[in-house]
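One structure is given below, encoded as structure tokens.
Fair warning: this is a prediction, and the values are worked out from it, not measured in the lab. Atoms within a ligand are numbered from 1 in the order they appear, just like the ligands themselves.
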Amino acid sequence: MPRSMSRTPAEVPEAARDDVLQRRPRRLRASLPLRSLVRETRLDRECLVQPFFVAADIDAPAEIASMPGQWRHPVRGVVEASSPTVDAGVGSVLVFGIPTVKDERGVTAADPGGPVPRAITELKSRYPRLVVIADVCLCEYTTHGHCGIVHGTAVDNDETLPLLARAAVAYADAGADIVAPSAMMDGQVGTIRAALDASGHSNVAIMSYAAKYASAFYGPFREAAGSTPAFGDRRAYQMDAGNAREALTEMALDMDEGADILMVKPAGAYLDIIRSARDAFPAPIAAYQVSGEYSMIKAAAARGWLDERGAALESLTAIRRAGADIIISYYATDVATWLEESR
Ligand code: PBG
């Protein structure tokens with residue numbers, strides 16, 4: 001007798017459930033070893049980059065109020081400051097500088113005696129194998145806090161380009177492995193590539209902040225770097241949060257201009273952009289979990305509202321799952337340590 005005929009109508013729901021329960025995804029979640037075996041996305045410390053703030057005008061580390069656990073370091077202290085990162089197995093750092101002197105044109109960005117070149121020299125002499133990435137922008141070096149030369153209230157794209165190129169060459173001269181232009185000026189990657197090649201740095205790579213959005217999540221960084229715009233905002237050069245296709249245009253241009261690595265920034269609110277970057281380009285894709293993403297977790301954890309380690313690991317796993325090969329995060333050192341502890 002066929003199965004269906006052996007049952008009264010009242011039994012049908014139960015019969016249906018029997019069939020459905022032949023598929024049990026929970027089987028593979030029953031234990032930690034099983035879950036580990038079938039995990040699709042793995043975080044590893046090799047993909048992490050730890051940002052550092054180096055200030056020319058301080059003698060002792062100063063904690064950044066809006067980013068608990070992150071510090072401005074004196075140039076002389078940068079090796080000491082980075083040793084926990086190196087010891088945790090994080091292989092790359094991203095250096096930001098805070099100069100003593102700012103001016104209208106941000107010329108100190110390219111000063112070979114400025115905080116970034118000096119920090120790079122110190123880091124590379126102590127840790128030759130550490131990958132040192134230098135952020136290239138003018139906002140930390142201009143009195144008005146914009147990322148380029150300002151005329152009236154507008155940032156002049158083309159006039160800014162040579163200054164960015166000069167800064168990139170200064171960082172390459174100091175020993176940077178990678179320069180990371182973040183000013184969002186059109187043509188910045190091509191201009192920097194040409195300047196690096198012309199100055200004997202054809203082996204220095206460019207990690208382009210290709211899809212960098214005008215984001216409220218940069219707030220704590222601007223306190224850390226003293227780079228809040230004195231007037232207006234960055235919407236005339238950074239991207240609009242509503243745009244996804246435009247990110248592909250930006251990335252295609254940067255690839256054409258010679259970018260070696262493409263970055264999406266911020267990360268957590270832009271996972272779709274990371275995914276489409278991964279699908280569209282063969283280049284390594286980096287994602288920057290920015291200051292606001294870090295500080296949100298810190299602030300909630302400080303109040304006991306969420307578990308810091310769980311939230312940080314989950315946020316970084318999500319960024320990996322979306323397709324990032326490289327993750328820049330203020331949590332890099334902590335996460336590398338936690339990953340090691342959980343082995
Ligand atoms: C420089 C720069 C910024 C960040 C990285 N490079 C600030 C900005 O664009 O306003 C933000 C990083 C962060 O928030 O962690 N232009």
Quick check: R234 and ligand 1, any N/O pair under 3.5 Å apart?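 Checking ligand 1 against R234, an N or O pair does fall under 3.5 Å apart.
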Are any of the N/O atoms in Q238 less than 3.5 Å from those in ligand 1?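 Between Q238 and ligand 1, an N or O pair is found under 3.5 Å apart.
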Out of Y237, Y218, F221, indicate the one that has the non-hydrogen atom closest to atom 7 (C) of ligand 1. F221
Please enumerate all residues that pass ring-ring contact (aromatic ring centres under 6.0 Å, His included) together with Y218, with sequence neighbours excluded. none
Number the atoms of ligand 1 from 1 as they appear, then name those within less than 4.0 Å of a heavy atom of [X], with their elements.
X: C139; result: 1 (C), 16 (N)
X: C137; result: 1 (C), 16 (N)
X: K212; result: 1 (C), 2 (C), 3 (C), 6 (N), 8 (C), 9 (O), 16 (N)
X: Y330; result: 12 (C), 13 (C), 15 (O)
X: F96; result: 5 (C), 6 (N)

Short N-O contact, [X] and [Y], less than 4.0 angstrom:
X: E250; Y: K212; answer: no
X: K124; Y: D177; answer: yes
X: E122; Y: R76; answer: no

How far is atom 5 (C) of ligand 1 from its nearest protein heavy atom, and which residue and atom name does that atom have?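 Protein heavy atom with the smallest distance to atom 5 (C) of ligand 1: K265 NZ, 2.5 Å.
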Among all protein heavy atoms, pick out the one at the shortest distance from atom 14 (O) of ligand 1; state its residue, atom name and that distance to 0.1 Å.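 Its nearest protein heavy-atom neighbour is S291 OG, 2.7 Å.
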Region of Y294 engaging ligand 1 - heavy atom pairs below 4.0 Å: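 Neither; no heavy atom under 4.0 Å.
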Please report whether the ring centroid of F52 lies less than 6.0 Å from that of F96.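 No, the ring of F96 stays outside the 6.0 Å limit from the ring of F52, centre to centre.
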Could you tell me whether the side chains of H73 and E80 share a donor-acceptor contact shorter than 3.5 Å?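 Checked: H73/E80 side chains show no N/O donor-acceptor pair below 3.5 Å.
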Do Q289 and S315 have side-chain atoms, one donor and one acceptor, less than 3.5 Å apart? yes
Decide whether the shortest distance between a heavy atom of S227 and an atom of ligand 1 is less than 4.0 Å. no
Under the side chain to side chain contact (heavy atoms under 4.5 Å, CB included) test, which residues partner S31, sequence neighbours left out?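 Result, side chain to side chain contact (heavy atoms under 4.5 Å, CB included) vs S31: P33, L34.
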